[in-house]
Amino acid sequence: MGEKTEKITIRVSPETAERLKLRAEAERTTVTALLTEAAERDPRLELAAARFRELMRSGLVEEFAAAFPDEEPDAADRSGSKAA
């Protein structure tokens with residue numbers, strides 16, 4: 001099975017909904033796929049990813065981990081939960 005997804009709801013005008021359905025049909029895809037592709041192309045998402053990569057390279061992450069060891073995720077569990 002594919003990767004886990006999350007369901008969200010958006011509101012669009014009836015005209016926009018119809019255009020999305022027609023485009024999805026013409027491209028033999030789904031409205032979900034169209035909207036996901038559009039969201040992933042959003043340059044604001046890439047900017048956030050670039051800033052995150054910069055932070056990771058800066059060494060500040062290691063400094064934070066050393067300063068706040070109780071906030072460091074368990075190395076075996078990268079889900080973001082606190083270490084036991």
Side-chain angles (χ1 to χ4, degrees):
M1 188 169 183
E3 65 183 271
K4 188 175 179 178
T5 61
E6 187 172 330
K7 182 178 179 178
I8 63 169
T9 302
I10 64 168
R11 294 184 186 279
V12 296
S13 69
E15 296 81 14
T16 299
E18 186 60 26
R19 285 196 313 268
L20 282 167
K21 291 174 189 174
L22 289 172
R23 180 171 173 187
E25 186 179 319
E27 294 183 19
R28 294 189 172 152
T29 189
T30 64
V31 170
T32 297
L34 288 176
L35 294 174
T36 299
E37 181 183 339
E40 290 175 349
R41 278 195 323 256
D42 188 324
R44 294 171 291 186
L45 295 179
E46 182 51 38
L47 179 58
R51 287 183 178 160
F52 177 76
R53 288 189 295 271
E54 183 179 317
L55 177 64
M56 293 299 290
R57 286 191 299 269
S58 74
L60 294 175
V61 172
E62 288 80 12
E63 287 181 35
F64 180 89
F68 301 98
D70 292 339
E71 300 299 320
E72 182 69 7
D74 183 1
D77 177 19
R78 292 295 179 195
S79 67
S81 61
K82 289 185 180 181

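For the single chain, residues carry numbers from 1 onward in sequence order.
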**Student:** How many angstroms lie between atom CG of L34 and atom NZ of K21, to the nearest 0.5 angstrom?
**Tutor:**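 If we round to the nearest 0.5 Å, L34:CG and K21:NZ are 13.0 Å apart.
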
**Student:** How about CD on E25, more than 12 heavy atoms from neighbouring residues, nucleotides or ligands closer than 6.0 Å, or not?
**Tutor:** no

**Student:** Give a yes or no on whether V12 and L22 share a hydrophobic cluster (residues Ile, Leu, Val, Met, Phe, Trp, Tyr; joining criterion: side-chain heavy atoms under 4.5 Å apart).
**Tutor:** no

**Student:** Out of curiosity, E54 CD to L60 CG, how far, rounded to the nearest 0.5 Å?
**Tutor:** 9.5 Å

**Student:** Not counting sequence neighbours, which residues clear side-chain contact (heavy atoms from CB on, under 4.5 Å) with E37? List them please.
**Tutor:** R41

**Student:** Testing the basics here: between E62 and M56, what is the closest heavy-atom pair and its distance to 0.1 Å?
**Tutor:**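 That closest heavy-atom pairing would be OE1-O, 4.4 Å.
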
**Student:** Are L35 and I10 close enough that some pair of their side-chain heavy atoms sits under 4.5 Å apart?
**Tutor:** yes

**Student:** Which pair of heavy atoms, one from A33 and one from T29, lies closest together, and at what distance?
**Tutor:** CB-OG1, 3.1 Å

